[in-house]
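First the structure, in the form of structure tokens, and then the observations on it.
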There are 2 protein chains.
Amino acid sequence: MSITYREVKADILRQITQGELAPGSSMPNEVDLAASYGCARATVNRAMRELADDGIIERRRKAGTRVRLNPIRQVRLNIPIVGQEIEELGAAYRYALVHGQAEPAPNWLRARMALKRDDRVLHLTCMHYADGAPYQHEDRWINLDALPEAEQHDFSDIGPNEWLVSTVPFTEAQISFHAVQADATIADYLDCTEGDALFQAERMTWLEGQTITFVQLTYRRGHRLTMQY
Amino acid sequence: MSITYREVKADILRQITQGELAPGSSMPNEVDLAASYGCARATVNRAMRELADDGIIERRRKAGTRVRLNPIRQVRLNIPIVGQEIEELGAAYRYALVHGQAEPAPNWLRARMALKRDDRVLHLTCMHYADGAPYQHEDRWINLDALPEAEQHDFSDIGPNEWLVSTVPFTEAQISFHAVQADATIADYLDCTEGDALFQAERMTWLEGQTITFVQLTYRRGHRLTMQY
DNA sequence: TTACGCCTTATGTCTATATCTTTTGAGAAA
DNA sequence: TTTCTCAAAAGATATAGACATAAGGCGTAA
């Protein structure tokens with residue numbers, strides 16, 4: 001077999017990391033590289049395309065390909081379902097519905113979810129436990145105008161997140177991470193002290209332009225979101 | 001021109017999101033799809049490969065391709081240099097070196113960075129300002145065994161991060177995000193109240209197995225890390 | 001019944017060639 | 001000098017055909 005695109009990619013990457021190809025310098029074109037590797041241009045193309053995708057090199061038609069001055073550092077973050085997250089830690093997962101009620105959307109939420117004047121929402125409060133200890137507190141609002149069937153659904157056994165991903169699997173979302181101080185309620189749920197710094201994720205989800213759900217996920221004290229790159 | 005791989009990809013994605021292809025169901029093979037789209041197999045292959053990469057479908061040789069039961073939700077997070085991050089906010093960036101000193105590595109750091117018994121580190125404390133207001137506090141340790149030239153370098157004008165990405169551009173790293181309570185020192189630097197919940201990133205960087213640097217980046221009160229997917 | 005091994009099949013990848021698209025840079029025009 | 005236009009260059013993508021590889025499944029042997 002001839003040389004593979006992986007080998008080409010690895011070789012180019014080696015040249016870059018070992019300094020044979022300096023950051024900012026431009027590279028030979030695909031035709032020449034294909035000739036020097038003794039392979040087809042498509043093979044070189046795939047290698048280069050992936051390197052560009054990885055943020056290592058920059059490609060522009062006619063201008064050619066050059067090694068990025070500052071390689072883009074990027075990580076892929078998998079957004080897990082909390083149950084899977086806990087089970088991957090090797091802990092037993094338990095879910096509890098604390099509170100669930102359909103209600104008119106409060107003003108702050110109406111603005112945030114871009115709801116109409118008299119839209120109703122289903123407000124759910126849930127807890128997720130790892131080996132019996134509080135792991136995550138979930139405060140969720142579901143737009144009943146977009147998902148009226150949510151009102152009939154019983155969330156005592158399966159969490160709203162799991163129900164949502166199976167009901168409306170292909171949505172757009174925005175997620176944001178930040179730090180909050182535990183108030184008395186949260187401190188009680190998460191078994192920590194009022195004022196403790198907690199890691200919180202907020203997620204807003206849309207389907208075809210319509211807001212489906214907004215959720216605040218507050219993690220137990222000391223939680224870390226870790227990634228390799 | 002014939003149909004593009006983007007069109008094929010878009011069409012398959014449409015079929016999935018609109019429920020024509022149910023989650024968990026298996027799809028026709030590449031040859032059949034190519035025939036039905038009236039294009040080459042390579043075109044279908046690229047569309048399917050990207051969908052698999054996006055976590056929408058699952059592919060296995062011989063077994064074929066099926067729509068994932070639970071599509072993997074993933075985001076790409078670009079790790080920015082703080083200066084760029086601030087300038088992208090449209091604010092003026094200012095950097096200040098607070099403190100810099102070479103010293104023997106303290107025990108906790110030795111363990112964390114996997115340093116040898118008598119390795120020395122350069123401990124740098126810096127501040128990053130956006131439009132004059134504190135934005136980020138940086139507490140950094142550089143392994144002088146791995147990067148002795150750091151000791152001679154003057155960090156009063158350019159931050160250690162910028163120096164590092166230009167000196168050792170291609171490294172491996174682990175990054176983790178969490179929440180911390182501001183202690184008196186940090187509160188003073190970041191102009192907030194002691195006990196405030198702050199968003200903190202920790203990053204450890206390696207080059208060929210050797211630990212290069214460890215950094216704690218503490219953001220001003222209210223900082224959010226936001227992503228779309 | 002169970003375990004091993006081969007055959008078939010679907011995806012993975014390479015080749016060679018062709019056309020399309022974007023963008024640069026040169027030359028013409030103002 | 002500046003602006004506009006256009007051709008060439010390089011990457012982006014399509015095609016047809018071939019072979020490689022992994023793995024499901026069936027048949028055979030223990």
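Hydrogens, waters and symmetry mates are skipped; everything else that's a heavy atom, side chains included, is used. Treat the numbers as computed from the prediction; the structure is a model and nothing was measured. Below, read A as the first sequence line, B as the second, and so on, with proteins coming before strands; counting in each chain starts at 1.
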OP1, OP2 of [N] versus side-chain N and O of [X]: anything below 4.0 Å?
X: B/Asn45; N: C/dG12; value: yes
X: B/Arg61; N: D/dG24; value: no
X: A/Arg49; N: D/dA12; value: no
X: A/Thr43; N: C/dT13; value: no
X: A/Arg59; N: D/dA12; value: yes
X: B/Thr65; N: C/dT11; value: yes

What nucleotide, of D/dA12, D/dT15, C/dT15, holds the atom closest to the side chain of B/Ala42?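 It is D/dT15.
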Quickly work out the [X] [atom1] to [N] [atom2] distance and round it to whole Å.
X: A/Ile3; N: C/dA16; atom1: CD1; atom2: C1'; value: 17 Å
X: A/Lys9; N: C/dC14; atom1: NZ; atom2: P; value: 12 Å
X: A/Glu7; N: C/dC14; atom1: CD; atom2: C1'; value: 12 Å
X: B/Arg46; N: C/dC14; atom1: CZ; atom2: P; value: 14 Å
X: A/Arg6; N: D/dA20; atom1: CZ; atom2: P; value: 17 Å
X: A/Glu50; N: D/dT13; atom1: CD; atom2: P; value: 13 Å
X: A/Glu30; N: C/dT17; atom1: CD; atom2: P; value: 16 Å
X: B/Leu33; N: D/dT15; atom1: CG; atom2: C1'; value: 17 Å

Any side-chain heavy-atom pair from A/Val180 and A/Leu198 closer than 4.5 angstrom?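 A/Val180 vs A/Leu198: side chains touch.
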Would you indicate what B/Arg41 reaches in the nucleic acid, counting non-hydrogen atoms under 4.0 angstrom: base, sugar-phosphate, or nothing?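 Answer is base: heavy atoms of B/Arg41 come under 4.0 Å of a base.
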Closest nucleotide of DNA chain C for A/Lys62 versus for A/Tyr5: which of these residues is on the 5' side?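 In this pair, the answer is A/Tyr5.
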Both A/Ala63 and B/Asn29 contact DNA chain C. Taking the nearest nucleotide for each, which residue is further toward the 5' end?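 This one resolves to B/Asn29.
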A/Asp54 and A/Arg68 ion-paired at < 4.0 Å: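 No salt bridge links A/Asp54 with A/Arg68.
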Evaluate A/Thr211 against A/Arg112 for side chain to side chain donor-acceptor pair (under 3.5 Å), listing each step before the verdict. CA-CA 10 Å; A/Thr211 315; A/Arg112 197 131 181 200; over 6 Å; no
Of B/His178, B/His137, B/His223, the residue whose pairing with B/Phe199 passes ring pair (Phe, Tyr, Trp, His ring centres under 6.0 Å):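 Single pass found, and it is B/His223.
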For A/Arg224 against B/Ser176, the heavy-atom pair lying closest together: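 The answer is NH1-OG, 2.7 Å.
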Distance criterion of 3.5 Å, no angle test: do you see the side chain of A/Arg60 paired donor-to-acceptor with the base of C/dT23?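 Donor-acceptor pair under 3.5 Å: no.
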